[in-house]
Engineer: 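Below is one structure. I have some questions about it.
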Amino acid sequence: MRKEYKTIKEVVGPLMLVDSVEGVKYDELVEIEQANGEIRHGKVLEVNRDRALVQLFESSQGLKLTTAKAKFLGHGTQLNVSRDMLGRVFDGMGNPIDGGAAIIPEKTLDINGAPINPAARDYPAEFIQTGISAIDALNTLVRGQKLPVFSGSGLPHAQLAAQIARQATVLGTREPFAVVFAAMGITFEEANYFISDFRRTGAIERAVMFMNLANDPAVERIATPRMAITCAEYLAYDLGMHVLVILTDITNYAEALREVSAARKEIPGRRGYPGYLYTDLASLYERAGRIKGNPGSITQIPILTMPEDDKTHPIPDLTGYITEGQIILSRDLNRRGITPPIDVLPSLSRLKDKGTGKGKTREDHSDTMNQLFSAYARGKEAKELAVILGEAALSDVDKLYSKFATEFEERYVSQGWETNRTIEETLDLGWDLLSILPKSELKRIHQEYIDKYYPNKE
C-alpha cells in the first residue's frame with residue numbers, strides 16, 4: 001500500500017523532511033512527484049516519531065515543496081534478477097544503461113540479502129586460475145574466498161581488475177563461470193575503459209556490470225555493491241554458477257558511507273568514518289562463500305585504494321580483518337615498468353594451501369611456492385647489500401640470488417596485461433628461474449620434485 005503525503009516541510013541539499021507520517025520504515029524507498037508529473041526518488045534515512053528524513057537520489061534543485069507529494073513505497077531497494085542479466089551493463093541502481101531492453105524478472109530480491117547460516121557454509125577448496133603468475137602460484141585464489149587488492153592512487157588496479165575478470169576460470173569443472181563487476185565512484189573515462197575492454201575481449205558475454213559514476217549520488221554508491229552481490233547470489237545459488245565478484249573501489253564506497261553518516265549527524269569514529277564501518281564492510285564481504293549441497297559459489301575480489309598508501313588506514317585495516325589475505329600493488333615496481341606491479345612478499349592468501357597440490361594444481365606447487373618466496377626475499381636483501389657495500393662485497397651465491405631477484409621480477413611477476421598463463425606454464429617458469437640457483441640451495445623442495453622438474457641445462 002503506497003502512502004502519499006503533501007507534508008514536505010523543508011529541503012536542505014539532498015535531504016528532505018516529511019512531517020505527519022505513519023508506518024514508515026528505515027531504508028524504505030520514496031517517490032517525490034511534482035505538479036508537472038516529474039518524479040524524483042529517495043530513501044528514508046531516519047524516522048523520528050511522525051517525521052521522516054529522506055535522502056534524495058537526484059538533485060533537489062527546482063523542487064517545489066507546496067505542490068510536491070511524497071509517496072512511500074513500502075519496501076527497501078530491490079533488484080529484478082534474471083538469467084538475461086549476463087552480458088548486460090546497469091547503473092548503480094540496477095537500471096540498464098547499455099541501450100538494451102528492461103530485464104523481465106524471474107525474481108525480485110532485497111539487495112540487503114539474507115545471512116548464510118554458518119553451519120551450511122562449505123569450506124573453500126578449489127583453485128581459481130586467474131592467468132596471473134604472482135597470484136596463481138604465490139597467492140592462490142580459492143573458490144569461495146575473499147581476496148582484496150590493496151592499491152594506491154594512480155596504480156593500475158583497473159587494468160588488473162579487467163585482466164582478472166577476462167581470464168579467471170575454474171579448472172576441471174563443468175559448472176558455468178560468471179563475473180559480476182561493480183564499479184563505485186569511478187570516472188566516465190574509467191567506466192568506458194571497463195565496458196570497452198569487456199566488449200573487445202568477449203568477456204562481456206559471461207559478465208554482469210554495475211556502473212556507479214563519480215557524479216552519481218552517494219546514497220546510490222552505497223547500494224551498488226549490494227546490487228552486484230545480490231545478482232551474484234542469484235547466479236550462484238539459483239542457477240548453480242561459479243561467480244567471481246569484483247568490487248572497485250571500496251574506498252569510494254566508504255567515503256559515501258561517511259558522507260551519509262555525516263548527513264545523519266552520527267558520531268564519527270576513526271578519521272570521520274562511522275563507528276559501524278567494520279560491520280558494514282563485513283555485511284558485504286561475508287556474502288561470499290559456498291553452501292553445502294549447492295554447486296554454485298561466490299568468490300570476491302574487492303579492490304581498494306589506500307589513502308596516502310597507508311596500510312593502517314581504517315579501510316584497508318578493517319578489510320584485512322574480515323578477508324582472507326590481500327594482494328598488494330607496489331609503487332616502486334610500477335615505476336620500474338613491472339606489470340602487473342604485484343609486491344609478492346607482503347601479499348598473502350590465507351587459503352592458498354586449500355587450493356594447491358596434486359589433483360588441484362600440481363604436486364610440486366607448494367614446495368616451489370615456498371622456495372620462490374625464500375629465494376626472492378634473499379635476492380632482495382643481496383641487492384640492498386650491493387647498493388650499500390658494492391657488488392664486490394657479495395659472495396658468489398649472493399650474486400646468484402641477486403640475479404634471481406631481478407629475473408623473478410622481470411620474467412615471473414611482469415607478464416603484461418594480455419598474457420594468460422596456465423598454472424603449468426607458471427610452475428614451469430618458476431623451475432626455470434630456480435635453475436639459476438644450484439640444487440644445493442633448494443632446501444624447501446622435496447628431492448623427488450627436484451629430480452623430476454629441475455631443468456637439465458647441460
Side-chain angles (χ1 to χ4, degrees), residues 83 85-87 122-149 157-182 194 197-209 228 231-237 239-248 288-290 294-303 324-325 327 340 342 349 351-362 365 369 412 415-430:
R83 191 183 295 269
M85 294 179 86
L86 288 166
D122 213 351
Y123 206 84
E126 288 171 77
F127 169 68
I128 292 181
Q129 181 176 287
T130 64
I132 300 165
S133 295
I135 296 176
D136 288 352
L138 303 175
N139 298 288
T140 313
L141 179 64
V142 181
R143 192 160 76 92
Q145 185 178 4
K146 311 173 282 291
L147 187 62
V149 174
H157 48 268
Q159 288 93 317
L160 181 65
Q163 186 175 15
I164 292 171
R166 196 168 60 235
Q167 298 178 176
T169 179
V170 180
L171 300 179
T173 58
R174 294 184 179 179
E175 287 93 357
F177 191 86
V179 175
V180 177
F181 186 92
F194 284 124
D197 186 80
F198 276 48
R199 286 189 173 140
R200 173 182 67 84
T201 58
I204 191 78
E205 295 302 319
R206 61 169 192 176
V208 185
M209 303 182 79
C231 171
E233 286 171 343
Y234 170 75
L235 296 174
Y237 305 136
L239 304 184
M241 302 177 86
H242 300 311
V243 187
L244 176 64
V245 180
I246 299 175
L247 307 171
T248 181
R290 301 172 64 195
N294 193 309
S297 66
I298 296 176
T299 308
Q300 270 189 32
I301 299 184
I303 296 171
E324 293 110 14
I327 305 293
I342 295 172
S349 169
L351 298 180
K352 61 189 172 192
D353 297 341
K354 310 296 176 194
T356 58
K358 195 169 184 179
K360 292 178 181 176
T361 51
R362 206 167 75 183
H365 186 152
M369 170 175 64
Y412 194 93
Q415 62 179 74
W417 301 117
E418 299 295 327
T419 306
N420 186 359
R421 290 181 185 154
T422 65
I423 187 62
E424 284 79 15
E425 287 171 338
T426 290
L427 292 171
D428 290 344
L429 176 58

Engineer: When rounded to the nearest 0.5 angstrom, what is the spacing between CG in Leu235 and CE in Met85?
Structural biologist: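 If I round to the nearest 0.5 Å, the distance is 7.5 Å.
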
Engineer: Quick one: does Asp428's side chain get under 4.5 Å of Arg362's, heavy atoms only?
Structural biologist: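 Yes; the side chains approach each other to less than 4.5 Å.
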
Engineer: Taking atom CZ of Arg200 as the centre, does the number of heavy atoms from other residues, nucleotides or ligands within less than 6.0 Å exceed 12?
Structural biologist: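 Counting other residues, nucleotides and ligands, CZ of Arg200 exceeds 12 neighbours.
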
Engineer: Determine the sole option in Lys354, Lys360, Arg290 for which the side chain to side chain donor-acceptor pair (under 3.5 Å) test with Glu126 is passed.
Structural biologist: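 Among Lys354, Lys360, Arg290, the one meeting side chain to side chain donor-acceptor pair (under 3.5 Å) with Glu126 is Arg290.
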
Engineer: Could you tell me which non-hydrogen atom of Thr419 sits nearest to which non-hydrogen atom of Gln167, and how far apart they are?
Structural biologist: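 It is O-OE1, 3.1 Å.
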
Engineer: Within this structure, what is the CD1-CD distance for the pair Ile423 and Gln129, rounded to the nearest 0.5 Å?
Structural biologist: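 One finds 6.5 Å between CD1 of Ile423 and CD of Gln129.
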
Engineer: Kindly compute the distance separating CG (Leu147) from CD1 (Ile128), expressed to the nearest 0.5 Å.
Structural biologist: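 Result: 10.0 Å between the selected atoms.
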
Engineer: Scan Val142, Thr356, Val170, Asp136 and name whichever one has a side chain to side chain contact (heavy atoms under 4.5 Å, CB included) with Phe127.
Structural biologist: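 By the side chain to side chain contact (heavy atoms under 4.5 Å, CB included) criterion, Phe127 pairs with just one of Val142, Thr356, Val170, Asp136: Asp136.
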
Engineer: Under 3.5 Å, side chain of Asn139 to main-chain N/O of Lys352, donor-acceptor pair present?
Structural biologist: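 Such a contact is absent between Asn139 side chain and Lys352 backbone.
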
Engineer: Under 3.5 Å, side chain of Thr299 to main-chain N/O of Gly144, donor-acceptor pair present?
Structural biologist: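 Flag set: sc Thr299 to bb Gly144 pair under 3.5 Å.
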
Engineer: Give the minimum heavy-atom separation between Thr426 and Ala137, together with the two atoms involved.
Structural biologist: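 What the structure gives for the nearest pair is CG2-CB, 3.5 Å.
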
Engineer: Rounded to the nearest 0.5 Å, what separates atom CD1 in Ile303 from atom CD1 in Ile301?
Structural biologist: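 Reported value, rounded in 0.5 Å steps: 7.0 Å.
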
Engineer: For a quick test of reading the model, state the closest non-hydrogen atom pair linking Pro340 to Leu160 and the distance between them.
Structural biologist: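 That closest heavy-atom pairing would be CB-CD1, 4.0 Å.
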
Engineer: Start with the C-alpha distance between Ile164 and Leu141, add both sets of side-chain angles, then the distance that settles side chain to side chain contact (heavy atoms under 4.5 Å, CB included), and finish with yes or no.
Structural biologist: CA-CA 11 Å; Ile164 292 171; Leu141 179 64; 5.5 Å; no

Engineer: For Val179 and Ala165, work out which heavy atoms get closest and say how close.
Structural biologist: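 For Val179 versus Ala165, the nearest heavy atoms are CG2-O, 3.6 Å.
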
Engineer: In this structure, which one of Gln145, Gln300, Lys146 forms a side chain to side chain donor-acceptor pair (under 3.5 Å) with Glu324?
Structural biologist: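 Only one of Gln145, Gln300, Lys146 forms a side chain to side chain donor-acceptor pair (under 3.5 Å) with Glu324, namely Lys146.
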
Engineer: Salt-bridged, Arg143 to Asp122, with N to O below 4.0 Å?
Structural biologist: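 Between Asp122 and Arg143 there is no salt bridge, as every charged N stays at least 4.0 Å from the carboxylate O atoms.
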
Engineer: So, for Gly296 and Tyr237, which heavy atoms are closest and what is the spacing to 0.1 Å?
Structural biologist: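 Of all heavy-atom pairs spanning Gly296 and Tyr237, the closest is O-CE2, 4.3 Å.
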
Engineer: Might you work through the side chain to side chain contact (heavy atoms under 4.5 Å, CB included) test for Met369 and Thr361, ending with a clear yes or no?
Structural biologist: CA-CA 12 Å; Met369 170 175 64; Thr361 51; over 6 Å; no

Engineer: Taking all non-hydrogen atoms of both residues into account, name the closest pair between Gly355 and Thr140 and its distance.
Structural biologist: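 For Gly355 and Thr140, the tightest heavy-atom pair comes out as O-CG2, 4.4 Å.
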
Engineer: Can you confirm whether the side chains of Ser133 and Arg421 place a donor and an acceptor under 3.5 Å from each other?
Structural biologist: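 Indeed, the side chains of Ser133 and Arg421 share at least one donor-acceptor pair under 3.5 Å.
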
Engineer: For the pair Met209 and Ile204, evaluate side chain to side chain contact (heavy atoms under 4.5 Å, CB included) and give the outcome as yes or no after the intermediate values.
Structural biologist: CA-CA 8 Å; Met209 303 182 79; Ile204 191 78; 3.6 Å; yes

Engineer: Give the ring-plane orientation class for Phe181 versus Phe194, where under 30° counts as parallel, over 60° as perpendicular and anything between as tilted.
Structural biologist: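 Plane angle between 30° and 60°, so tilted.
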
Engineer: For the CG atom of Asp197 and the CZ atom of Arg199, what is their distance to the nearest 0.5 Å?
Structural biologist: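 Output value for this atom pair is 12.0 Å.
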
Engineer: Under 3.5 Å, is there a donor-acceptor pair between the side chain of Gln415 and the main chain of Gly131?
Structural biologist: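 At least one qualifying donor-acceptor pair exists.
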
Engineer: Does Glu205 reach the main-chain N or O of Gly202 with its side chain, forming a donor-acceptor pair under 3.5 Å?
Structural biologist: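 A pair under 3.5 Å: no.
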
Engineer: When you compare the side chain of Ile342 with that of Leu138, does any pair of heavy atoms fall below 4.5 Å?
Structural biologist: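 SC-SC contact between Leu138 and Ile342 ruled out.
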
